[in-house]
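What follows is a single structure, written as structure tokens, with notes after it.
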Amino acid sequence: MKPALARVVLSLGVGLFASTLAAQGCGIKAHFQLLNTVPGGSGGDLRLDSGWQTTAPLVMPGTNSQSSPQGCYSTATCTSVADYGALRVFGSGDAASCGAGGCFLKLDEWTGAEPKARFRDTLTVVAPGLAPGTPVQVRFSAQLGGFASVGGTPPFTSYFGVRMHCNSQPIFNLANSVGATSATVTVLVGQSVSVEGMLDASLMAIGVMSFNATGSYALDLSATFDITSLTPGVALQSCSGATYNGLAARVTPVGVGCGAVPPALTASAPTLGGNVAMSLTGAPANTPVFRGMALGVGYSLPLGACMLRLDPATSVLDLVGFTSANGQLPMALPIPNSVNLLNFRLSAQALQLLTGGPFLGVSELSNSIELQIGY
């Protein structure tokens, strides 16, 4: 096939695929308004709407700025990011009105109370071992992180939150608070279920009747969604191809340890209400072991031949026991059964005391592991 013809065929194929997805009921969308009017200004109302798209992620940025000779100004930014099971909105704004009149500094929607970022999908309930129409349980969860704030004189209002619908019915709404929420819904084997996740944010710093006032806003909100069958043998096949396991428990080993034989630290997945089974192997025999734990992930500090991978500012170090004659030590870490810990991240690393060891001359270090608490 000639290159030009191949490009045409590929383009038609992609377009047909996108149209098919849209017809099946899956897509992503971004929508927001930046209102930045000043006395005597024009063009201070920026309205953006992506419409329903199928290619993810969808990133839609916007910037709007107005000023007047009298000293009034209002400027704002916003970026909406939409993906299947992951939504984000971030931006900032700053404004000052003057004696010539008030001005607006507002991040909002301009039609129908639309969320800033959203996705929709269609899930087919598949269970080869169960008869069509059999009721099964599906858990819908979302974790909202980040911040949204409004400041100025006088202060005005803000709203943010995460919502989810199943078959057009609301199943949860976490409003004006970061954290996590979940709900369980009964569906039927063979049923096609429509789902929709939404991230909202509306911030007004100063309004048009405010004279000689200042205002600002800032936000960076991220929502992660999880859709899991609680009935064994049931799969959820999505129109989009997404798996919706963003809140699954995960453990990731990072780097290697330092020592004559670098010790290795492993762990089971950190599930809510469960016990993480950690295990240290390859360490010196009959040696005291300290376990370091720190908030977050991704820290690296080279110290001689070793790499410390725990943030010293948030680290806690505990003596957890002594290695066996073959250099092994099992250890446990209980995880509270609190939905607010969903998507919470920790790092762990083990330190084994050893005179003349490569870590500061007193010990060896294991590799580190990064833990994401989830289902």
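Heavy atoms only: backbone and side chains are in, while hydrogens, waters and symmetry mates are out. Since we're looking at a predicted model, the values are computed, not measured.
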Under 3.5 Å, is there a donor-acceptor pair between the side chain of [X] and the main chain of [Y]?
| X | Y | answer |
| --- | --- | --- |
| Asn340 | Gly179 | no |
| Asn173 | Arg163 | no |
| Asn367 | Gly257 | no |
| Ser368 | Gln349 | no |
| Arg345 | Asn343 | yes |

Shared hydrophobic cluster for Tyr84 and Ile227 (ILVMFWY, side-chain gaps under 4.5 Å) =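 Same cluster.
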
I need the [X] [atom1] to [Y] [atom2] distance, nearest 0.5 Å.
| X | Y | atom1 | atom2 | value |
| --- | --- | --- | --- | --- |
| Ser279 | Met331 | OG | CE | 7.0 Å |
| Leu221 | Leu199 | CG | CG | 6.0 Å |
| Leu310 | Tyr299 | CG | OH | 9.5 Å |
| Leu123 | Ser229 | CG | OG | 11.0 Å |
| Ser238 | Asp121 | OG | CG | 5.0 Å |
| Leu329 | Arg291 | CG | CZ | 9.0 Å |

key: side-chain contact (heavy atoms from CB on, under 4.5 Å) partner of Tyr375, chosen from Thr271, Val339, Asn245   =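 So the option named by the test is Val339.
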
message = Exactly one of Thr231, Thr186, Thr184 should register a side-chain hydrogen bond (donor to acceptor under 3.5 Å, both in side chains) with Gln137. Which one does?
response = Thr186

request  = Using only heavy-atom distances, determine whether the side chains of Asp94 and Thr75 contain a donor-acceptor pair under 3.5 Å.
outcome  =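 No.
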
query = Could you walk me through whether Cys306 and Cys258 pass the disulfide (SG to SG under 2.5 Å) check?
reply = CA-CA 5 Å; Cys306 300; Cys258 60; 2.0 Å; yes

ask   = Going by the angle between their ring planes, with limits at 30° and 60°, are Phe225 and Phe119 parallel, tilted or perpendicular?
value = perpendicular

task = In a single word, yes or no, tell whether Cys103 and Cys72 have an SG-SG distance below 2.5 angstrom.
result = no

task = Could you tell me whether Phe147 and Phe90 have their ring centroids closer than 6.0 angstrom?
result =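 So the answer is no for these two rings.
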
ask   = With the threshold set at 4.0 Å, does a side-chain nitrogen-carboxylate oxygen contact exist between Arg47 and Asp45?
value =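 Yes, Arg47 and Asp45 are salt-bridged.
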
inquiry  = Could you check whether Lys29 pairs with Glu114 (Lys NZ or Arg NE/NH1/NH2 to Asp/Glu carboxylate O, under 4.0 Å)?
reply    =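 Salt bridge present between Lys29 and Glu114.
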
query = If you look at every heavy atom in Leu247 and Ser141, which pair is closest and at what distance?
reply = CD1-CB, 3.8 Å

